Amino acid sequence: MNAERDLAPLAPSVVRALNDKLYEKRKVAALEIEKLVREFVAQNNTSQIKHVILILSQEFALSQHPHSRKGGLIGLAACSIALGKDSGLYLKELIEPVLTCFNDADSRLRYYACEALYNIVKVARGSVLPHFNVLFDGLSKLAADPDPNVKSGSELLDRLLKDIVTESNQFDLVGFIPLLRERIYSNNQYARQFIISWILVLESVPDINLLDYLPEILDGLFQILGDNSKEIRKMCEVALGEFLKEIKKNPSSVKFAEMANILVIHCQAADDLIQLTAMCWMREFIQLAGRVMLPYSSGILTAVLPCLSYDDRKKNIKEVANVCNQSLMKLVIPEDDEVDEAKQSVTLSEEPNLEEPVSKPEAASSGPGSIPGQCSSFLDGMEGENRIQVTLNLDGIVQVLDCHLHDTSIGMMTRIAVLKWLYHLYIKTPRKMFRHTDSLFPILLRTLSDESDEVILKDLEVLAEIASSPAGQTEGYGPSEAAEPRPSQVELHVPIRNSQLRPKGLECSPSTPTMNSYFYKFMINLLKRFSSERKLLETRGAFIIRQLCLLLNAENIFHSMADILLREEDLKFASTMVHTLNTILLTSSELFQLRNQLKDLRTPESRNLFCCLYRSWCHNPVTTVSLCFLTQNYKHAYDLIQKFGDLEVTVDFLTEVDKLVQLIECPIFTSSGPTE
């Protein structure tokens, strides 16, 4: 028979048995093949060995007939057993047809393929490692096989392969990583379990440094951490925990920069376990890598800030996020305010609008799922923290902070954290921060209407720092020349020069070390805010002004507000505002020193202050009289009271007179003697 002649050196009886449907007959044929191959090995007849393997592969394992394929599989396994240690010379020819049968539609055939490959690998041991990728690829598919017998067989083969990898020092990790990176994104639970089990094995092998390739698989690990299976989530937690331990032991060899953006994404995950784990990693990265993380600050803040307002249901995430936030803030240092003059001149010539970087890739970081990419290339290929010059991407940070302040849905603790950041940046990097002041100023003013006293206090701290920082000083009181406000923003209507809008002879506001150009802007816009939002003035006006008197120079505040109110066209508001200021002046403990200064008008400064206050206090008759009492100008106060009879008597007027009578009885107006 031609077929039998073509399949020599296999005997016709062996060929018939290999094609038989009964397993026992195929097994007998396999024993005959094993015996035949052993003879060829003894004769060192490699050509005949290759021919037998080729026949078993082409004519049987890859045949169209299922029984022939089963015969081919058992025959190839028999060849491997016969070859023994020499099987490594023929592994490609032995393995490939078996792996092809892994895709067979018949589950029994897939099981026999597992059995055959198990025998081949068991004999070859370490020699199979050059073929590891194709074996892993095949096993990763069988791990998700619907047939329990096939899955069981693949697990046996999997354990054998893991033993071989563990005991060998010849594993090609570099060649394996691309396959692992691809397979790690599988959505099948069994495939995921298979992947994690291999990662745990590779992590445990001392000679295999998987940490070097962690950036390749970290995102996939976090994806698997969100699996519905508790067992898989637990396995993934263990794997990530082992990596983190290794990172803490060897931080100098960790590619922090390459993984920063991955953590930023998963710190915003909806799954609590993913978010908490990513946040814990972020905490360690910031503490271990230090300033290497600064270029990713805007993305980190985008992820961390919302977590600060979580309730007790997410207490763990909130606590870790708070540590991340504090640690990141500490990385910003005064040296970050230093500017490369040559670089700055190029930037200014190309980008006259200092807010333009908002449109660049960094602007994407303000979105919930975005990450900062502007500086990533700066850190590409980093092998050590000391090899690079890390720069603070202030534009991106400020944009994220500004975005959160505008978001009315964010929680109180997040708003407080944003204001703390702004205050910290104005302290550490004032020169660079003042480029953003004109864009930040309107939202900072609006934040004064916040429902939380704590938020308002932090907001006032920021505004006070802006108003008192030497970095904010520009010539005169006009708009800052450091930055041009964009047309879409609220323009600050500030006089170009105070002296130009005053009557001749009117003294200028005092110029003390606590004042800069923004101080006067702040006072003007604060009064405008009170004028347009009377409820704010009624409920928080005194609180805001008293706090400002603690944060800034009280004399400057009263002097400048009186100066501005002198030109106020809304006389009713001017009267109300003067009444508020007067009440604060007379009753607040914060104004004790200023009251004492006004009681003694022997110095030019105190007389100048009195004159300035007096002109504006004239908006309200009763406050004018009380100012005279405070400064012990009793004769003039008497003359003013005489004129009260000429005024229209209203309920408000009588109420103020009543309050004044009550105040006269207070110790504030007592003194050693009158001053004429």
Side-chain angles (χ1 to χ4, degrees), residues 184 192 196 199-200 203 210-227 229-331 365 368-372 385 400 411 413-414 417 421:
I184 204 168
R192 285 179 162 184
I196 293 295
I199 290 174
L200 286 168
E203 276 185 304
L210 195 57
L211 188 61
D212 282 347
Y213 302 93
L214 184 56
E216 305 276 347
I217 61 173
L218 184 61
D219 179 61
L221 282 171
F222 274 104
Q223 300 269 11
I224 294 176
L225 190 60
D227 196 273
S229 166
K230 290 183 179 179
E231 183 182 354
I232 294 174
R233 288 164 76 99
K234 187 62 181 175
M235 287 178 66
C236 195
E237 269 191 278
V238 172
L240 286 167
E242 290 300 318
F243 275 123
L244 197 55
K245 286 180 187 176
E246 193 67 24
I247 287 170
K248 292 177 183 178
K249 289 180 185 177
N250 305 288
S252 60
S253 62
V254 178
K255 300 172 182 177
F256 291 104
E258 295 182 23
M259 294 183 278
N261 284 342
I262 297 171
L263 294 183
V264 166
I265 292 172
H266 293 290
C267 280
Q268 301 172 75
D271 184 283
D272 287 355
L273 179 60
I274 295 176
Q275 189 177 28
L276 177 59
T277 306
M279 200 68 74
C280 288
W281 275 62
M282 184 66 78
R283 176 190 61 198
E284 300 300 330
F285 271 40
I286 295 171
Q287 293 176 351
L288 293 171
R291 287 177 58 81
V292 168
M293 301 297 286
L294 270 184
Y296 305 92
S297 297
S298 56
I300 295 171
L301 287 175
T302 298
V304 166
L305 287 173
C307 302
L308 302 179
S309 293
Y310 281 174
D311 57 25
D312 288 343
R313 289 173 296 179
K314 295 186 176 184
K315 184 180 178 182
N316 292 340
I317 299 174
K318 178 180 179 179
E319 290 175 351
V320 179
N322 187 53
V323 175
C324 290
N325 184 55
Q326 296 296 327
S327 300
L328 187 65
M329 191 179 291
K330 290 176 183 177
L331 298 180
S365 66
S370 302
I371 54 177
E385 180 179 347
V400 171
M413 297 309 297
T414 297
W421 259 101

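What you see is a predicted model; the values in this text were computed from it and never measured. The figures here come from the full heavy-atom set of this structure, side chains too, leaving out hydrogens, waters and symmetry mates.
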field: Close side-chain approach of Leu221 to Leu214, heavy-atom, < 4.5 Å
entry: yes
- prompt: Going by an N to O cut-off under 4.0 Å, is there a salt bridge joining Glu231 and Lys234?
  reply: no
message: For a 4.5 angstrom cut-off between non-hydrogen side-chain atoms, does Val323 reach Met279?
response: no
Heavy-atom check, side chain of Leu288 versus side chain of Val254, under 4.5 Å: no
- prompt: At what distance, to the nearest 0.5 angstrom, does CZ of Phe222 lie from OG1 of Thr277?
  reply: 6.0 Å
message: Quick one about Asp271 and Gln275 (side-chain donor to acceptor, distance below 3.5 Å, no hydrogens or angles considered), yes or no?
response: no
query: Out of curiosity, Met282 CE to Leu263 CG, how far, rounded to the nearest 0.5 Å?
result: 4.5 Å
task: Kindly compute the distance separating CG (Leu218) from CD (Glu258), expressed to the nearest 0.5 Å.
output: 11.5 Å
message: Using the side-chain hydrogen bond (donor to acceptor under 3.5 Å, both in side chains) criterion, which residues pair with Gln326? Sequence neighbours excluded.
response: none
query: Just checking, any donor-acceptor pair under 3.5 angstrom between side chains of Glu319 and Tyr310?
result: no
field: Carboxylate-amine/guanidinium contact Arg233 Asp227, below 4.0 Å
entry: no
message: Show every salt bridge (charged side-chain N to carboxylate O under 4.0 Å, His left out) that has at least one partner inside residues 274-288, sequence neighbours left out.
response: Lys248-Glu284
field: Approximate separation, where rounding is to 0.5 Å, of Leu273 CG and Leu225 CG
entry: 4.0 Å
- request: Output the distance between atom CD1 (Ile247) and atom OG (Ser252), rounded to the nearest 0.5 Å.
  value: 12.0 Å
